[in-house]
Amino acid sequence: MLKHRLPHKLVTLSYQSENIGDDIQSIAIERLLPYVDMRIDRDDLGVVNDFGSDYKIILNGWFASANGRPHRKWPIKTRAKVLYIGFHANNVGTLVDLPLDTIIGCRDAHTAMLCDKVGIPCWLSWCATLTLDIQGERTESIYLVDVPSAVMHRLPSYVASGTKLTHRVQPNCHRLREARARLSLYSKAKLVVTSRLHCLLPCLAMGTPVVFYHSHLYDERFMGYSNLGWSIDDAPWDDMEPKTDPADIKAWSRPFVKALHDFILS
């Protein structure tokens, strides 16, 4: 990726949510950029109304329709150039009133189906976090990331005694620093068990054995992803290795990387 200045300003997202999985997505995006000029709040995008054509905005992550969420300035109205990639929509209402020339790089098959319903061109970009290639020297550490207490008895005792972590963060924390620290831990872990999508996906990309549990595995957000990691019932606990070859994950992520590269150079 280029490391010198381009003739436009590059804009990514910041977050005020309680979930640093959002920030992990931004870290994945920003690792692929030569620089970042500005981060704008995903939940208050009104600032883009004043952006000119010399701005380029990368919009990725989870977006809801405005119904019941008046703090979201959605859909955005701007003269800036916008790349929708790694984009998840919760319902058709998220997509209505977008400019007719919009193309959505969908994070999942659910979003692609919604795009088809309203006639918006789309493609499956998958998630930004599948592009992560952070490498660390493996340790014997085992991390349990937001694993429900009700399923702890289903884990081998040596796994259940692992270090418990959460993706929930306090509003005043340094979000990007926290997210980077988590990625560093996951990259070196012997095993991660999690209910968080944006713990599962980085682990897949970094070749860390990961077990994914969620009480609603058919949640639209997980379409195409939940079977890439082990489940509690099929995990080879005595000989853990990645269920999906990291080389296959890297191949999945190449179109994402190319689309982002083409966008910033166009």
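Note: hydrogens, waters and symmetry copies are ignored here, and every other heavy atom, side chains too, is used. Note that the coordinates shown come from a computational prediction; the quantities given were computed from them, not determined experimentally.
The existence of a salt bridge linking D234 and K243 is confirmed by a sub-4.0 Å separation between a basic side-chain nitrogen and an acidic carboxylate oxygen. One finds no salt bridge joining D23 and R180 here, because no Lys/Arg side-chain nitrogen approaches an Asp/Glu carboxylate oxygen to under 4.0 Å. D22 and R42 are joined by a salt bridge, as a carboxylate oxygen and a charged side-chain nitrogen come within less than 4.0 angstrom of each other.
Taking CD1 of I76 as the start and CZ of F63 as the end, the distance is 8.0 Å to the nearest 0.5 Å. For the atom pair CG of N91 and NZ of K117, the computed distance is 9.5 Å after rounding to the nearest 0.5 Å. Atom SG of C115 sits about 11.0 Å away from atom OH of Y84, to the nearest 0.5 Å. The CG atom of L204 sits 9.5 Å away from atom SG of C199, with the distance rounded to the nearest 0.5 Å. If you take OG1 on T208 and OH on Y186, they are separated by 10.5 Å, rounding to the nearest 0.5 Å. Separating the CD atom in Q170 from the CD atom in E178 is a distance of 10.0 Å, to the nearest 0.5 Å.
A cation-pi arrangement is absent between R79 and F51, since the terminal nitrogen or guanidinium carbon is not both under 6.0 Å from the aromatic centre and inside a 45° cone about the axis.
Here the side chain of H174 pairs a donor or acceptor atom with the backbone of R177 at under 3.5 angstrom. A donor-acceptor pair under 3.5 Å is absent between the side-chain atoms of S187 and the main chain of Q135, judged by distance alone. The main-chain N or O of G86 is found under 3.5 Å from a side-chain atom of S125 such that the two form a donor-acceptor pair. No side-chain donor-acceptor contact under 3.5 Å links T102 to the backbone of L98. Within the 3.5 Å criterion, the main-chain N or O of L13 finds a donor-acceptor partner in the side chain of S26. The backbone N or O of M240 lies less than 3.5 Å from no partner atom in the side chain of K190, so there is not a single donor-acceptor pair. Between the side chain of R182 and the backbone N or O of T166, at least one donor-acceptor pair lies under 3.5 Å. The closest donor-acceptor contact from the side chain of T139 to the backbone of K188 lies under 3.5 Å. At distances below 3.5 Å, not a single donor-acceptor pair connects side-chain atoms of S195 with backbone N or O atoms of V147.
Using a 4.5 Å heavy-atom cutoff, the side chains of K81 and F263 are in contact. Within the 4.5 Å cutoff, the side chain of C122 has heavy atoms near those of the D116 side chain. Using a 4.5 Å cut-off on side-chain heavy atoms (C-beta onward), N19 and R196 make contact. The shortest side-chain heavy-atom distance between L183 and L132 falls under the 4.5 Å cut-off. Taking the side chain as every heavy atom from C-beta outward, I20 and Y15 never approach each other to under 4.5 Å.
Between the side chains of D146 and H167, no donor N or O sits under 3.5 Å from an acceptor N or O. Neither side chain, Q25 nor T129, offers a donor N or O lying under 3.5 Å from an acceptor on the other. In summary, the side chains of T94 and N90 do present a donor paired with an acceptor at a separation below 3.5 Å, with no hydrogens or angles considered. Neither side chain, T131 nor K250, offers a donor N or O lying under 3.5 Å from an acceptor on the other. For the residue pair R221/S226, the side-chain donor-acceptor check at 3.5 Å is not satisfied.
Placement of L228 and Y213 in two distinct hydrophobic clusters is found when ILVMFWY residues are connected by side-chain heavy-atom separations under 4.5 Å, directly or transitively. In this structure, V192 is a member of the same hydrophobic cluster as I134, with clusters built from ILVMFWY side-chain heavy atoms closer than 4.5 Å. Under the 4.5 Å side-chain heavy-atom criterion for Ile, Leu, Val, Met, Phe, Trp and Tyr, V36 and I27 are members of distinct hydrophobic clusters. At a threshold of 4.5 Å between side-chain heavy atoms, the hydrophobic network of Ile, Leu, Val, Met, Phe, Trp and Tyr places V96 and M113 in two separate groups. Hydrophobic clustering (side-chain heavy atoms under 4.5 Å, transitive across Ile, Leu, Val, Met, Phe, Trp, Tyr) groups I24 together with L176.
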- Task: Please step through salt bridge (charged side-chain N to carboxylate O under 4.0 Å, His left out) for the pair K73 and D43, ending with a clear verdict.
- Result: CA-CA 7 Å; K73 306 298 191 296; D43 293 336; over 6 Å; no

- For the pair H8 and D54, evaluate side-chain hydrogen bond (donor to acceptor under 3.5 Å, both in side chains) and give the outcome as yes or no after the intermediate values. CA-CA 5 Å; H8 41 252; D54 57 332; over 6 Å; no

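Between W126 and Y225, the angle of the ring planes goes over 60°, which puts this pair in the perpendicular group of the 30/60° scheme.
Around atom CD1 of I103, no more than 12 heavy atoms belonging to other residues, nucleotides or ligands sit under 6.0 Å away. For Y158, the OH atom counts as densely surrounded, since its 6.0 Å shell holds more than 12 non-hydrogen atoms of other residues, nucleotides or ligands.
Aromatic pair F222/H214: ring centres closer than 6.0 Å. The aromatic ring centroids of W230 and F212 lie 6.0 Å or more from each other.
Among all heavy-atom pairs drawn from A109 and L124, the shortest one is N-CD2, 3.8 Å.
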